[in-house]
Amino acid sequence: MPDAPVLLVVDDDPRGRNVIERELRKRYGADYTVFCAGSADDPLRLLAGLRDDRRPVSMVLVGERMAGTAGTELLARVGEVDRTAKRLLLTDGGYGPPSESILQAIALGHIDAYVARPVTVPDERFHLAVTELLEEWARSHRPRFEVVRVVGEEWSARSHEIRDLMDRNSVPFGFYPAGSEEGKALLQRAGAGAALPVIILFDGRVLVNPANAEIAEALGLKTRPGAGLYDVAVIGAGPAGLAAAVYGASEGLSTVLLEPEAIGGQAGTSSHIRNYLGFPMGVSGEDLAVRAYTQAWNFGAEYVYGSPATGLRVLGRERVVTVAGGSEVRSRAVVIATGVSYRRLGIPSLDALTGAGVFYGAATSEAQAMKDREVFVVGGANSAGQAAVHLARHAARVTMLVRGHSLADGMSDYLITEITSTPNIAVRHNVVVTGGGGTGRLESLALRDRESGVTETVPAAAVFVLIGAEPRTQWLPDGIARDQWGFVITGSDLLADGYHPGGWPLDRPPMFLESSLPGVFAAGDVRRGSVKRVASAVGEGSIAIRLVYDYLHDS
Ligand SMILES: Cc1cc2nc3c(=O)[nH]c(=O)nc-3n(C[C@H](O)[C@H](O)[C@H](O)COP(=O)(O)OP(=O)(O)OC[C@H]3O[C@@H](n4cnc5c(N)ncnc54)[C@H](O)[C@@H]3O)c2cc1C
């Protein structure tokens with residue numbers, strides 16, 4: 001029987017510590033061991049000892065005020081000793097906003113959450129914070145029943161893709177490298193041939209090098225749309241598509257939602273969304289996506305998984321979406337919510353720190369937490385310039401890393417003026433990021449000068465990557481107008497000098513969010529002019545349904 005995982009309480013106030021210890025033992029004593037310490041007991045050494053003994057630590061709870069150090073600082077150092085333990089700061093309550101040090105600690109990933117010390121016993125708010133963090137920890141650290149076992153080459157792209165898809169779709173799975181003893185045994189038992197990866201399902205079924213749709217089908221998901229006519233087909237299950245599915249189904253429209261990869265889209269890849277309304281401590285993209293998906297499901301939306309939309313055509317009053325693999329979705333209206341792919345740096349050591357000092361596009365919400373810090377912005381277009389100006393109001397220094405030799409190539413003149421007149425913004429041209437890393441959070445970046453070829457390592461608290469995004473619209477027909485970058489043009493943007501777009505067959509102008517093809521709407525990041533945020537994608541997804549409703553009513 002393995003040792004129970006540890007909950008470690010570090011607090012200098014013996015009375016407060018006793019209350020927390022009692023509460024934890026009472027509620028979690030059957031499954032966890034509770035250890036307590038004061039700062040004089042050298043909690044970091046205690047933690048290192050547990051690590052060396054291979055004793056899992058699920059959570060470290062630290063009092064806000066400790067002798068000689070702030071709780072936030074101690075928790076930052078906890079993260080250096082044990083990167084997997086959840087870190088909960090116990091505040092002394094009060095109704096005011098959290099202190100600046102707490103805000104910084106959250107943004108830099110030094111704490112996972114903060115909660116007021118228990119005042120009444122039992123204090124359910126305290127327990128809710130503890131339980132939520134334990135649930136997150138258990139998801140990746142508790143042994144669980146493996147619905148799927150994947151045997152593959154450890155570093156192959158497809159193995160990575162399958163692991164990623166399983167993870168983002170919340171399918172409990174185990175991965176076994178083909179060269180490992182367990183991997184070899186599984187392959188032999190399954191009688192599988194040489195083609196990898198091999199998937200072994202809980203009931204013994206074996207899939208050799210399967211496509212996503214085959215895996216989905218084997219797991220009991222629907223992979224083909226129904227033959228009947230839907231009211232609305234939603235293409236893409238990111239935040240915009242999920243919102244459209246929830247509102248479509250809840251308004252009584254027969255709704256089908258098509259997704260080739262994983263629910264949640266880009267948001268599903270974010271470990272910590274901090275600016276979505278109603279989640280003060282943030283929410284993982286996966287969690288948000290699973291909740292939205294369940295909500296859509298409960299209202300009766302149909303989810304078709306595994307294959308991308310490959311085309312769209314008009315057949316009388318119907319809009320027909322073709323799907324890879326040969327099937328078709330017949331629908332009266334369509335919402336395109338296929339989003340964008342943010343260009344990544346493609347540096348694994350940095351991608352592993354997304355949300356812990358490495359941020360893709362989400363500069364505004366993190367800016368305040370960058371107070372007095374050294375931060376970097378990668379990119380040379382307007383979005384990067386705006387981020388730099390905004391960050392410079394808080395950070396000690398902002399360094400823009402620009403690939404080209406001039407900002408003028410991609411940035412508006414007014415922004416260049418603003419940047420050059422802001423004393424704490426430096427612009428480095430002809431520079432690319434080649435690496436970087438840190439323990440639990442970003443600490444340094446490796447930069448290469450493209451002209452001299454010289455590489456240097458610089459200390460960095462955060463890097464904001466704004467190197468563009470590509471809309472996923474290649475599958476759309478020419479009849480759906482897009483701008484020069486491929487974003488779908490909608491509503492009044494389609495009107496040239498007040499005139500309807502060419503080929504527009506109706507007397508009325510296109511509605512807000514409606515594309516140049518009547519009855520086909522676009523929502524979220526895929527739409528020209530959209531705000532690239534989860535909340536705005538959700539807002540557009542729900543508004544699109546209102547417009548679909550009007551369209552169906554009038555046509
Ligand atoms: C790492 C990261 C972190 C972020 N953090 C934040 C944050 O903290 N706060 C915030 O507000 N915003 C954040 N964003 C931005 C936010 O995630 C996006 O603005 C939001 O997800 C856009 O939603 P969407 O539904 O329009 O598109 P997407 O999220 O891009 O979803 C589009 C979906 O369509 C599917 N799709 C694509 N092509 C097809 C096809 N041919 N057929 C069918 N389906 C298709 C895709 O698989 C995907 O699931 C972050 C983005 C990234 C990349």
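Note: hydrogens, waters and symmetry copies are ignored here, and every other heavy atom, side chains too, is used. Whatever order the structure lists ligands and atoms in, that order sets their numbers, starting from 1.
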Record the part of A537 in heavy-atom contact with ligand 1 below 4.0 Å; permitted values are side chain, backbone, both and neither. side chain

Ion pair check, E302 and K222, cut-off under 4.0 Å: yes

For ligand 1, the portion of R533 having any non-hydrogen atom under 4.0 Å away: both

Relative to ligand 1, is D525 under 4.0 angstrom through side chain, backbone, both or neither, heavy atoms considered? both

Results of salt bridge (charged side-chain N to carboxylate O under 4.0 Å, His left out) for R546 - residues two or more places apart only: D550

Of E540, Q266, E259, R527, the one whose closest heavy atom lies nearest atom 48 (C) of ligand 1 is E259

Residues two or more places apart in sequence or in another chain: which of them pass ring pair (Phe, Tyr, Trp, His ring centres under 6.0 Å) with Y230? none

Can R343 be said to touch ligand 1, with heavy atoms closer than 4.0 Å? no

Below a 4.0 angstrom heavy-atom separation, can you tell me which part of R344, side chain or backbone, both or neither, approaches ligand 1? side chain

Counting only heavy atoms not in R224, do more than 12 sit closer than 6.0 Å to its CZ atom? no

Can a salt bridge be assigned to the pair R472 and E261 using a cut-off of 4.0 Å between side-chain N and carboxylate O? yes

Here the atoms of ligand 1 under 4.0 Å from any heavy atom belonging to N275 are 7 (C), 8 (O), 9 (N), 10 (C), 11 (O)

Using the ring of each side chain (for Trp, its six-membered ring), is F464 parallel, tilted or perpendicular to F359, with breaks at 30° and 60°? parallel

Side chain, backbone, both or neither: the part of V340 lying under 4.0 Å from ligand 1 by heavy atom: backbone

Residues, nucleotides or ligands: over 12 heavy atoms within 6.0 Å of W297 CH2: no

So, is G524 polar-close to ligand 1, with some N/O to N/O distance under 3.5 Å? no

So, does S536 sit close enough to ligand 1 that a heavy atom of it is under 4.0 Å from the ligand? no

